[in-house]
Amino acid sequence: MTTAPEPGALLDVALAEARTGLAEGGIPIGAALFAADGTLLGSGHNRRVQDDDPSMHAETAAFRAAGRQRDYRSTVMVTTLSPCWYCSGLVRQFGIGSVIVGEASTFHGGHDWLAEHGVTVTVLDDERCVAMMTEFIAARPELWHEDIGEPS
């Protein structure tokens, strides 16, 4: 019998991606897509700033890095921050079965909507994720507001 991987261990992959994005001068959000057994399919981080591409969110980057899958129902999307509506739509469009959210206190995205539509959602309230986003928002409020589509 295979034991499901610990959510915290999966989050560590997304957190490393978020730290990479921050070091590159971008928005510190990371994500990873895993198979049900914990096999990493793909990971990525928000690259909106680095690529000058408003569609390059962390979940999108992880999804693209995973490559084409025949079925996404048993996959797990792990993200350091509650997914925005754009990324929540990606989860629904492709039927990703589970989402693990590092934190939802600095930004409450579409994870409630995902849960209402049958996606298994786990919010970890990880202190590392909260601290990283809180510090980033305080240091770069204009970039943060741009990312979430709000005026600064």
Are any of the side-chain heavy atoms of [X] and [Y] separated by less than 4.5 Å?
| X | Y | answer |
| --- | --- | --- |
| Val99 | Val76 | no |
| Thr79 | Ile100 | no |
| Leu81 | Pro28 | no |

Do Leu41 and Leu90 sit in the same hydrophobic cluster, where Ile, Leu, Val, Met, Phe, Trp and Tyr count as joined when their side-chain heavy atoms come under 4.5 Å apart?
yes
State plainly whether one hydrophobic cluster holds both Ile148 and Ile29, where clusters connect Ile, Leu, Val, Met, Phe, Trp and Tyr through side-chain heavy atoms under 4.5 angstrom apart.
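Yes, it is one cluster - the side chains of Ile148 and Ile29 are joined through contacts under 4.5 Å.
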With sequence neighbours excluded, what pairs up with [X] under the salt bridge (Lys or Arg N to Asp or Glu O under 4.0 Å) test?
| X | result |
| --- | --- |
| Asp53 | none |
| Arg140 | Glu142 |
| Glu135 | none |

Point-to-point distance, once rounded to the nearest 0.5 Å, from [atom1] of [X] to [atom2] of [Y]:
| X | Y | atom1 | atom2 | result |
| --- | --- | --- | --- | --- |
| Ile96 | Leu33 | CD1 | CG | 5.0 Å |
| Met77 | Ser88 | CE | OG | 10.5 Å |
| Cys84 | Glu59 | SG | CD | 6.5 Å |
| Thr106 | Ile137 | OG1 | CD1 | 4.5 Å |
| Leu143 | Asn46 | CG | CG | 8.5 Å |
| Gln69 | Ser74 | CD | OG | 9.0 Å |

Side-chain donor-acceptor distances from residues 116-132 under 3.5 Å, at least two apart:
residue	atom	partner	partner atom	Å
His117	ND1	Trp113	O	2.9
Asp126	OD1	Arg128	N	2.9
Asp126	OD1	Arg128	NE	3.0
Asp126	OD1	Cys129	N	3.2
Asp126	OD2	Arg128	NE	3.4
Asp126	OD2	Arg128	NH2	3.0
Arg128	NH1	Asp12	OD1	3.0
Arg128	NH2	Asp12	OD1	3.2

Residues two or more places apart in sequence or in another chain: which of them pass side chain to side chain contact (heavy atoms under 4.5 Å, CB included) with [X]?
| X | answer |
| --- | --- |
| Ala14 | Leu11, Val78, Thr80 |
| Gln93 | none |
| Ala61 | Met56 |
| Ser82 | Val101, Ala104, His111 |

Looking only at non-hydrogen atoms, find the nearest pair between [X] and [Y] and report the distance.
| X | Y | value |
| --- | --- | --- |
| Phe94 | Tyr72 | O-CB, 3.1 Å |
| Ala32 | Val13 | CB-CG1, 3.8 Å |
| Ala138 | Pro141 | O-CD, 3.6 Å |
| Pro5 | Gly38 | CG-CA, 3.5 Å |
| Ser55 | Arg64 | OG-NH2, 4.2 Å |

Test of understanding: with side-chain hydrogen bond (donor to acceptor under 3.5 Å, both in side chains), list the residues that count as partners of Thr134, not counting sequence neighbours.
none
Got a sec, which residues hit side-chain hydrogen bond (donor to acceptor under 3.5 Å, both in side chains) with Asp52, two or more places apart in sequence or on another chain?
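For Asp52 there are no side-chain hydrogen bond (donor to acceptor under 3.5 Å, both in side chains) partners, ignoring immediate neighbours.
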Please, which pairs that meet ring-ring contact (aromatic ring centres under 6.0 Å, His included) have at least one residue in residues 17-61, sequence neighbours excluded?
His57-Tyr86
Hey, could you give me each pair passing ring-ring contact (aromatic ring centres under 6.0 Å, His included) that has a residue in residues 119-152? Not counting sequence neighbours.
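Found Phe107-Trp144.
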Sidechain-backbone polar pair: Glu6 side chain, Gly8 backbone, donor-acceptor under 3.5 Å:
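Not at all, since once roles are kept as given, no pair shorter than 3.5 Å links the two residues.
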